[in-house]
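Written out below as C-alpha cells is the structure these notes cover.
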Number of protein chains: 2
Amino acid sequence: MNVQNRPHVVIVGAGFGGLYAVRSLKDADVRITVIDRRNYHLFQPLLYQVATASLSPADIAYPIRGVLNSQKNTGVFLAEAIAVDVNTRKVILEDGETNYDYLILATGVCHSYFGHPEWEIYAPGLKDVDDALEIRRRILLAFEKAERETDEARRQALLTFVIVGGGPTGVELAGAIGEIACKVMVGDFRTINPQDARIILVEAGPRILPSFPEDLSAKAEASLRRLSVDVRKNSPVTAIKADAVVIRNEQIPAATVLWAAGVTASPLARSLRVPLDRAGRVLVEPDLSIPGYPEVFVIGDLAAITDHAGHQLPGLAPVAIQQGRHAVHNILRRCQGLPSEAFRYVDRGILTTIGRAAAVAEFGTVKLSGFLAWIAWIFIHIFFLIGFRNRFVVLFEWAWAYATWHRSARLITGGDKGIYPISPSKYRQ
Amino acid sequence: MNVQNRPHVVIVGAGFGGLYAVRSLKDADVRITVIDRRNYHLFQPLLYQVATASLSPADIAYPIRGVLNSQKNTGVFLAEAIAVDVNTRKVILEDGETNYDYLILATGVCHSYFGHPEWEIYAPGLKDVDDALEIRRRILLAFEKAERETDEARRQALLTFVIVGGGPTGVELAGAIGEIACKVMVGDFRTINPQDARIILVEAGPRILPSFPEDLSAKAEASLRRLSVDVRKNSPVTAIKADAVVIRNEQIPAATVLWAAGVTASPLARSLRVPLDRAGRVLVEPDLSIPGYPEVFVIGDLAAITDHAGHQLPGLAPVAIQQGRHAVHNILRRCQGLPSEAFRYVDRGILTTIGRAAAVAEFGTVKLSGFLAWIAWIFIHIFFLIGFRNRFVVLFEWAWAYATWHRSARLITGGDKGIYPISPSKYRQ
C-alpha cells in the first residue's frame, strides 16, 4: 500500500494516554502524526518534586522525538491544537491544520479555580514544567525574603505556606515543603529558623485523600502532622488575595499559596460539540469514541467514563495508559472492518507519598502504609519513567537526598534578576 | 571580642572570586555578609552545556547557603547591590543598604554589544542560567519550526545558527551545536535533515581563540570544520536584525544568532568613582585595593590588572580564585596592622573544548590538543565543580552522552506555551 493511502491517525497530546497509544501503533500499517504543544513527555506524578527542588525538569521529561525516533511511521508536530472539526475531519492548529482518518484526543486537564480565575496569579497550580519552576521560585524566595524582613508580621506571612486541596498533589506538596522547612534548610539561615514555617493544607471536604480508604487518609494525615503540617479539613477557601488566604471567615496572611484543588478539561473538548460532564470532560461511548463519530476517540483525563460499578474512573496514569492502548485496539479493528469493543479498566491500585519514607497505598485488598508503601512507590515510579538515564539519575537523586537531606535543585530561576517580586503582574503576562 | 565589634567584611558577588574569598575567611575573627542577586554559585565554564541541552542548571549551580551553611561567621543576602558609597562605607542595595569595614567587590561582567544594545534581543549572550535556558529554547525551537516550515528560504534561515565571537565561549557553543545537528538529532525529524543545518562562527579578528598560541587556534578551527562549522575570520558583524546577520556587506538569513563577542564590567564599578579601563573595569592597585580606599578590594573579571610582563590578566576562574584568596590575605594583614602585599598571578594554563573528544590546552610549555586535552579538560572541570553530587551527575551525564549521543536536557521551556515565537517583544520585557 502506498504510504499516502494508509489511514492517517492523529494523536493530540503526548502524555501517558497519547504516548502509549502511539507506541502501540509501532508496527501498524498507518501514518501517524503526534501533536503536542510541548516538545517533551512529562512524567507528571513526579512534577511536585521539581516544584520542591528535589529533581530537575530533565529528570522527569523526555523529548517526544527521542521516544519516537525509531518509529518510522510517525511524525511529530510541535504545535498547539485549538479545535477539532469532526465533520471535515480536521484538527485546527494555532498555525495551520491537519486532516485525519482516525483521531485520538488526549489533551488532559488544566487548573480550575471554581469560577475565580483571578486567584490563579496568587495561587499557581502544578501542571507543567514552567508551573513547577514558578512554584519552586516562590517557595525558595519566600525563605530568602523572610531572612531579610525586619517586620515580624510580614516575616510570619513570608514563612506561611498554604496548599489548597487535599488530594494526592496537595498532600505530596505539603509533605515536601514540610521536609524542606524542618530538615533540608536547617542551619542555612542566620535570622530566621526555617522550622518556624507554618505549612497549612486546606481541604474543603471531611478528609484528605478522599479517593483512598478512610484508614489510609487518617494515616496520611498523621504523617503530615509529624512534618508539622497543619491539616485543616472541612475548610472551604472563600478568597485568595495577594498576601492572604481566607478560609470561611478566617484570614491567614501567607505569601505563598499553591493550588491543588480543581481541574477542568482542556478547552479542545468543547469544539467536538458532544455532551460534556460538569468538569468539561467528554462523555465517551463504552468503546472510548464520541457519539456519532466512531473515528474520534477521547482518552485519559479528558474522557469521562465509569467502571462496571458506576464509579467515575480517576484521572490517573494507569487509566490513561490502558485507554490509549484500547483506543488503538479499536482503531485497528475498524481498519479491518470489525466492530469496536468496550473499554474495561483493570485497577491495579493507587498510592501516594508523604515526604521521606512514608506513603499510603492500596492494591486491591492489600493496604500498605509507611516505609513499605514508600518502597513500592519508588519502584513503581522508576519503572514507568521513560529512559534508562532518567531512571538512573532519579534513583541517584533520591538515594542522595535520603542520605544527606540535601535538595539538588534549590535554584531560584526565571524573572529578570532571580529576585523578581512575588507580584501578579509578572506571572503569566 | 563581641561579635558585633568584629570587623564586618562584605563580599558582593558569589562567583569564583567571591566564593573562594568567603571560604578563606572561614576561621577568621570577622563578621561576613555575602551579597548576591542569585541564590546559587554558578560554574560558568560549563554554562554552554546547559545552553546546548547536555546538562541541567542544577548540575552546575549550587545554592550559596548550602556552601556556607557550616560557616557560622557568615550571613547571606539575596539582594541586588546597585552602588557603593566608599566615603560612608556603605553598599546600597535595591531594597536597603549595609555598612562595611572591608569590602570585596566581585560582581564580574555582563554582555557588551559594542554600542548596539538593540542587538541583544536578537542575539542573547550567555552569562547566567536564564540566558542558557533562553538559548536552549531558541536552538531547539528553530529545528522544530524548520520541520513544519514549507517555504524553502525560511526553512534554511531556521536551520542557520550564527555565533558571533571566536573566543572560548563562541568556540564551545559552535562545537556543541555542530554535534547536536550532525549527531544527536539524526533520525529525529521527518521533513528536515538536521545535518543540513549551517553553523557559522563569526570572528572579527584574524584567528579564533586569540588568547591561545597560533597552532592551537588552527587545531581548534580544524576540529570545528570536522563538525561542519563554517569558521569566518576577519569578519566583523555590522548589523543584527530579527532574522539575519550582516557580516560586512553580506546578509545571512538566520533565525538563531548567539552573542559571545564582548563583555563590559558590572555597572557597580562606576559608583566607586575611581579610574576604569575602556571595558569599565576597575584599575586596581597592585594589592587589588582601589586608589585611596585601602579597605575596598576589587577582584575577578571586574578588576583590570596586568601581570609582571605587562599583559592584562584574562577573565578566567583561576585568576578570580587567586585574587579572592589574595584579597582575604590582605584584609587579614590589615586587621593585624600590617601593610598589604601585591598580587601575583600563578598561571597554570588555559584550555577549551570543541565538542566530543576534542580540546586544546596550554600548560606552561606543554601544548595539548585532541583526546588528551579533552581528558584533561574533563578532570579539571570536575575537580572545580562544587559538591560531590554535582561531580557525580555531571560525569555520569558526560559518560552517557559519550556512549549514546543523547542529550538529556532537550526541553523547550519558558514562554507561555513552550512554543512562544522567537520575537523580540517576548524576551526580557
Side-chain angles (χ1 to χ4, degrees), chain A residues 37-40 53 55-59 61 63 65-66 68-70 72 74-80 94-96 128-130 133 140-141 144-145 147-148 185 187-191 387-390 392-393 396-397 400 404 406-419 428-429, chain B residues 37-40 53 55-59 61 63 65-66 68-70 72 74-80 94-96 128-130 133 140-141 144-145 147-148 185 187-191 387-390 392-393 396-397 400 404 406-419 428-429:
Chain A
R37 60 182 187 170
R38 300 284 179 190
N39 80 324
Y40 51 83
L55 295 175
S56 286
D59 299 338
R65 292 191 188 285
L68 301 175
N69 176 303
S70 61
K72 296 301 175 198
T74 304
V76 178
F77 275 14
L78 179 71
E80 171 122 37
E94 211 172 35
D95 53 353
D128 65 27
V129 166
D130 289 305
L133 296 179
L140 297 177
L141 205 45
E144 293 291 340
K145 285 171 176 264
E147 171 80 347
R148 294 188 55 212
M185 286 192 170
D188 275 7
F189 294 86
R190 300 291 175 260
T191 311
F388 168 77
R389 180 260 166 209
N390 286 9
F392 179 85
V393 172
F396 171 77
E397 294 285 7
W400 182 245
T404 67
H406 286 180
R407 293 291 177 271
S408 63
R410 269 173 60 189
L411 311 181
I412 300 175
T413 58
D416 260 346
K417 296 160 193 163
I419 48 174
R428 291 210 167 146
Q429 277 179 318
Chain B
R37 61 182 187 172
R38 301 284 180 190
N39 80 324
Y40 50 83
L55 296 176
S56 285
D59 299 338
R65 291 190 190 284
L68 301 176
N69 176 301
S70 60
K72 296 300 175 200
T74 304
V76 178
F77 274 14
L78 179 72
E80 172 123 37
E94 212 172 36
D95 54 353
D128 66 26
V129 166
D130 289 305
L133 296 179
L140 298 176
L141 204 46
E144 294 291 340
K145 285 171 175 264
E147 171 82 346
R148 295 189 55 212
M185 287 193 170
D188 275 7
F189 294 87
R190 300 291 176 257
T191 311
F388 168 78
R389 179 259 165 210
N390 285 9
F392 179 85
V393 172
F396 171 77
E397 295 284 7
W400 181 246
T404 65
H406 286 181
R407 291 291 177 273
S408 64
R410 272 172 60 189
L411 312 181
I412 299 175
T413 58
D416 260 347
K417 296 161 193 161
I419 47 173
R428 291 211 167 145
Q429 277 179 320

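Residue numbers start from 1 in every chain, and the chains themselves are labelled A, B, ... in the order their sequence lines are given, proteins ahead of strands. Computed from a predicted model, the values in this text were never measured in an experiment.
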Where on [X] is there a heavy atom nearer than 4.5 Å to chain B: the side chain, the backbone, both, or neither?
{"X": "A:Phe189", "answer": "both"}
{"X": "A:Phe77", "answer": "both"}
{"X": "A:Asp95", "answer": "both"}

Next on the checklist: Heavy-atom cut-off 4.5 Å, strictly under: side chain, backbone, both or neither for B:Leu68 against chain A?
Outcome noted: backbone
Checklist outcome for this item: Correct closest heavy-atom pair for B:Glu144 and A:Asn39 would be OE2-CB, 4.3 Å
If you tally heavy-atom pairs under 4.5 Å against chain A, which of [options] wins?
{"options": "B:Asp188, B:Val129, B:Thr74", "answer": "B:Asp188"}
{"options": "B:Arg148, B:Lys72, B:His406", "answer": "B:Arg148"}
{"options": "B:Ala409, B:Ala58, B:Ala61, B:Gly66", "answer": "B:Ala58"}

Checklist entry - If you count heavy-atom pairs under 4.5 Å between each of A:Glu397, A:Arg389, A:Arg407, A:Arg410 and chain B, which one has the most? => result A:Arg389
Item to check | Among A:Leu411, A:Ile412, A:Leu140, side-chain contact (heavy atoms from CB on, under 4.5 Å) partner for B:Tyr40 | outcome: A:Leu411
Next on the checklist: Measuring from atom CG of B:Asn69 to atom CE of A:Met185, what distance do you get when rounded to the nearest 0.5 angstrom?
Outcome noted: 11.0 Å
Checklist entry - So, does B:Asp130 use its side chain to make a donor-acceptor pair with the main chain of A:Thr413 at under 3.5 Å? => result no
Checklist entry - Does B:Arg65 reach the side chain of A:Arg190, with side-chain heavy atoms less than 4.5 Å apart? => result no
